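Note that the structure is a prediction, hence the values are computed from the model and not measured.
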Amino acid sequence: MNIGNVAERSGLPPKTIRYYEDIGLIRPGRSANGYRAFGESDLHKLAFLGRARALGFTIEECRTLLDLYEDEHRESAVVKRLAEDHLARIDEKIAQLQSMRATLAHLVSACHGDSRPDCPIIDDLGRDPEPSGAG
């Protein structure tokens, strides 16, 4: 298969496939004229990478997961630990986003949104940062 076929079947853009090749996540063969020649295993790896990226795994985590995917002697405990670490980072990000949302919702509700110049949103953005406590 050429890169166009693989892109169509995997749902990944050719640019992403080339990037994955450049960083060594996949290594398609080459035809006699030098074109990439993807096989079914490349297609499976790309689908695997696409799913892992859709779940938010980093490129390095994807590299580790792909190595584990190809290792018949892997321990599921290693995979689970990697997924749990990723899940903890997602939970942390969700908590940060919820805090941001609550603060912004409060500021929006406090703003009159009329022709007056006073605006709690601008006031909050312009306030001096709180001291970090380092000294």
Straight-line distance of [X] [atom1] to [Y] [atom2], nearest 0.5 Å:
X	Y	atom1	atom2	result
T103	Q98	OG1	CD	11.5 Å
S10	H44	OG	NE2	12.0 Å
K80	L87	NZ	CG	11.0 Å
L82	E84	CG	CD	10.0 Å
Q96	E92	CD	CD	5.5 Å

Requested in this report: Please name the residue in the list D22, D42, I3, L49 that meets the side-chain contact (heavy atoms from CB on, under 4.5 Å) test with I17.
Outcome: I3
**Report entry** Ion pair check, E60 and R63, cut-off under 4.0 Å
**Finding:**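 Here E60 pairs with R63 in a salt bridge, since their nearest N and O are under 4.0 Å apart.
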Query - Atom CZ of R18 with >12 non-hydrogen neighbours under 6.0 angstrom - result: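 Check passes, neighbour count above 12.
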Requested in this report: Answer yes or no: are there more than 12 heavy-atom neighbours, outside E75 itself, under 6.0 Å from its atom CD?
Outcome: no
Heavy-atom closest pair, residues [X] and [Y]:
X	Y	answer
P28	R36	CG-CG, 4.3 Å
A37	S31	CB-N, 4.1 Å
A7	P13	CB-C, 4.5 Å

Going by heavy atoms in the side chains, are [X] and [Y] under 4.5 Å from each other?
X	Y	answer
L66	F48	yes
D118	H112	yes
E21	R27	no
R53	Y20	yes

Please table the atom pairs, donor to acceptor, closer than 3.5 Å between any side-chain atom in residues 67-74 and protein atoms at least two apart or in another chain.
from, atom 1, to, atom 2, distance (Å)
E70, OE2, K45, NZ, 2.9
D71, OD1, H73, N, 2.8
R74, NH1, L68, O, 2.8
R74, NH1, Y69, O, 3.1
R74, NH1, D71, O, 3.0

Report task. Please identify each residue that fulfils ring pair (Phe, Tyr, Trp, His ring centres under 6.0 Å) with Y19, with sequence neighbours left out. Result -> none
Query raised in the report: What salt bridge (charged side-chain N to carboxylate O under 4.0 Å, His left out) pairs are there with at least one residue in residues 94-106, not counting sequence neighbours?
Result: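 Listed by first then second residue: nothing to list.
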Requested in this report: Verify the cluster assignment for I23 and I26: are they in a single hydrophobic cluster under the rule of side-chain heavy atoms below 4.5 Å apart?
Outcome: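 Yes: a chain of side-chain contacts under 4.5 Å links I23 to I26.
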Report task. Consider only side-chain heavy atoms of I, L, V, M, F, W and Y, link residues closer than 4.5 Å, and tell whether I59 and L65 are in one cluster. Result ->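 Yes; tracing contacts between hydrophobic side chains, which count when under 4.5 Å, links both residues.
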**Report entry** Apart from V108 itself, residues in the same hydrophobic cluster as defined by side-chain heavy atoms under 4.5 Å
**Finding:** L104, L107, I121, L125
Requested in this report: Each residue besides I94 in its hydrophobic cluster should be listed here, by chain and number; the cluster joins Ile, Leu, Val, Met, Phe, Trp and Tyr at side-chain heavy-atom distances under 4.5 Å.
Outcome: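 Besides I94, the cluster holds I90.
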Requested in this report: Under the salt bridge (Lys or Arg N to Asp or Glu O under 4.0 Å) rule, collect the residues that match up with R116, sequence neighbours excluded.
Outcome: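 R116: salt bridge (Lys or Arg N to Asp or Glu O under 4.0 Å) contacts with D114.
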Query - Residues L46, T16; criterion side chain to side chain contact (heavy atoms under 4.5 Å, CB included); working and verdict - result: CA-CA 10 Å; L46 288 168; T16 299; over 6 Å; no
